[in-house]
2 protein chains.
Amino acid sequence: MNSEITIKRSDCLQCRMRDQSIFAGLDTEELCSLGMEVQDIHCRHGDVLYRMREPARYAYTLRNGAVKLVSSLESGQEVIVRLLHHGDLLGFEGMQGECHRHSAIVLAPSQLCRLDLAELQRLSERLPKVREAILQRWQDALQKSEERIIELGAKRAEARLATFLLQWAQRYPQLRSLPFPLTRTDIAAFLGLSTEHVSRIMADFKRQALIQEQGGQLEILKPQSLAHIAGMPDEHKPD
Amino acid sequence: MNSEITIKRSDCLQCRMRDQSIFAGLDTEELCSLGMEVQDIHCRHGDVLYRMREPARYAYTLRNGAVKLVSSLESGQEVIVRLLHHGDLLGFEGMQGECHRHSAIVLAPSQLCRLDLAELQRLSERLPKVREAILQRWQDALQKSEERIIELGAKRAEARLATFLLQWAQRYPQLRSLPFPLTRTDIAAFLGLSTEHVSRIMADFKRQALIQEQGGQLEILKPQSLAHIAGMPDEHKPD
DNA sequence: AGTCAAAATTGATTTTTCTCAATGCCGCTC
DNA sequence: GAGCGGCATTGAGAAAAATCAATTTTGACT
């Protein structure tokens, strides 16, 4: 099957996400003077943005949709290293001229901006604001990554899943019903569990009316209860 | 019990680790002109360099010894988020003016350089080389952190422990007998296992003569076999 | 050498999670 | 609307890991 990825020239000035991007803080004039070719990419479920071990040419900003970063082991087993939502960056590990450390696979219809890494490198040397924005993203990624180590190391399956659902919901703050394009196998690959185990716990949560699902949409009915199962400190609990 | 930490002024010019530090690449003149107060810290088992949630004032370079970064959950459970060896950096999460995300606890007699974060911040704005060195460290930390997610998510206890022992050994390349100041509980907190389970597997490894232990020293007798248990791809296997 | 406390080991048992296998459900195409 | 394929669900049994409860070993200090 052919990839359905379409590419065209993007206009950063019109971008809805401009103030959340790594170019936030630049005024219109600076933005125009970047001379940077930014491509607008549209793709859908199953499309592959890049593959693990490929030399990295581009970095991406996810404007809309969802993407998983997957690492495949020799055993054939796959682990989801990160899940990305609107506003997240991917492919930046190539900034030091390295290969991609994961494969990037699209989960839901998505729009991304594609940036040439070499150009971005030059840009970040020239513009402190861009550089800081990128450093900040690195830092956030490390923090989240360490939080996941704690989840995986310290919590049991139920708690991990509850945490995961709440964190997913946090990315769609004003929505009652959330887009949820993950299969049980995806969730399992993210949480370090078997597909069946995830399915059982999800079914349990549904029977307890903590959550509700239909047609790729998820609704969190009792965030408090989930937070309790997740073993969260009060400060991080949802309303 | 009082902390046994001693602090004095450090002389960077004489430092053995100068070319591996974040000041590597600076010539002697540049180094002298930094005007940076660097403190030389000596401490030993059990000393606390900083605590989780404390506002961050200093960053550290570990010149010698070993340090664990610990995150404590409300349950009282502790997870070791990172283990640090000679050459590693710690406390840099404070560069964006945040609090420490872990507690830093000394495992073995250690020497560190302590840098004022505010000064370091200014320095990195002025010197591209320092800035790049720090970014590189962030990147390395993220990569290692993601590798641990994969370990925790995909491997069983035996394999995790085997990987861990081999990676520990990699930090002391030319030594047959390695310093190994971790308790079974420490290893368990790093690998997301119970103390007893770690103890059993370590005892197994010893019975199979894969490793040997005495007085805080560890010897890897059969790296190949461990690598096999670890499920490593050939490229990463030790000799 | 003797004492003590912390750490490691071991065993028995329970809980958690995985694996394998079967079945049910839903959305698609023809 | 029948048939198909990918997911989800469920059950049963096996394996992995945790927990609880003793001991034993070790190392530090006297």
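All values below were derived from every heavy atom in this structure, side-chain atoms included, with hydrogens, water molecules and symmetry-related copies excluded. Per chain, numbering begins at 1; letters A, B, ... match sequence-line order.
- Nucleic acid contact for A:Gly215: none, since no nucleic acid atom lies under 4.0 Å from a heavy atom of the residue.
- If you measure from atom CG of A:Leu193 to atom C1' of D:dA8, you get 16 Å, rounded to the nearest angstrom.
- For B:Leu191 and D:dA17, the CG to P distance is 11 Å, given to the nearest whole Å.
- The interatomic distance linking A:Arg156 (CZ) with D:dA18 (C1') rounds to 10 Å, in whole Å.
- Distance B:Glu158 CD to D:dA18 P: 13 Å, rounded to the nearest Å.
- On the nucleic acid side, DNA chain C contacts chain A at distances under 4.0 Å to non-hydrogen atoms, with the end points of that region at C:dT16 to C:dC20.
- Counting non-hydrogen atoms under 4.0 angstrom, B:Gly216 reaches nothing in the nucleic acid.
- When only modelled atom types and interatomic distance are considered, B:Gln217 and B:Ser177 share a side-chain donor-acceptor pair under 3.5 Å.
- Here the C1' atom of nucleotide D:dC7 and the CG atom of A:Asp186 are 11 Å apart, to the nearest Å.
- Using a 3.5 Å distance cut-off with no hydrogens or angles, the side chains of A:Ser145 and B:Glu146 do not pair a donor with an acceptor.
- As a whole-Å value, the separation of B:Arg160 CZ from D:dA16 P is 13 Å.
- Atom CZ in A:Phe205 sits roughly 16 Å away from atom C1' in D:dT9 (whole-Å rounding).
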What N/O pairs connect the protein and nucleotides 10-14 of chain D at under 3.5 Å? Give each pair on its own line.
unit_1 : atom_1 : unit_2   : atom_2 : d
D:dT10 : OP1    : A:Arg207 : NH1    : 3.2
D:dT10 : OP2    : A:Arg207 : NH1    : 3.0
D:dG11 : N7     : A:Arg200 : NH1    : 2.9
D:dG11 : O6     : A:Arg200 : NH2    : 3.2
D:dA12 : N6     : A:Arg200 : NH2    : 3.4

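- Distances shown here put every side-chain N or O of A:Arg184 at or beyond 4.0 Å from the OP1 or OP2 atom of D:dC7.
- B:Ser194 comes within 4.0 angstrom of a nucleotide base, judged by non-hydrogen atoms across all strands.
- Between the CZ atom of B:Phe180 and the P atom of D:dT26 there is a distance of 17 Å, rounded to whole Å.
- No side-chain donor-acceptor contact under 3.5 Å links A:His86 and A:Gln20.
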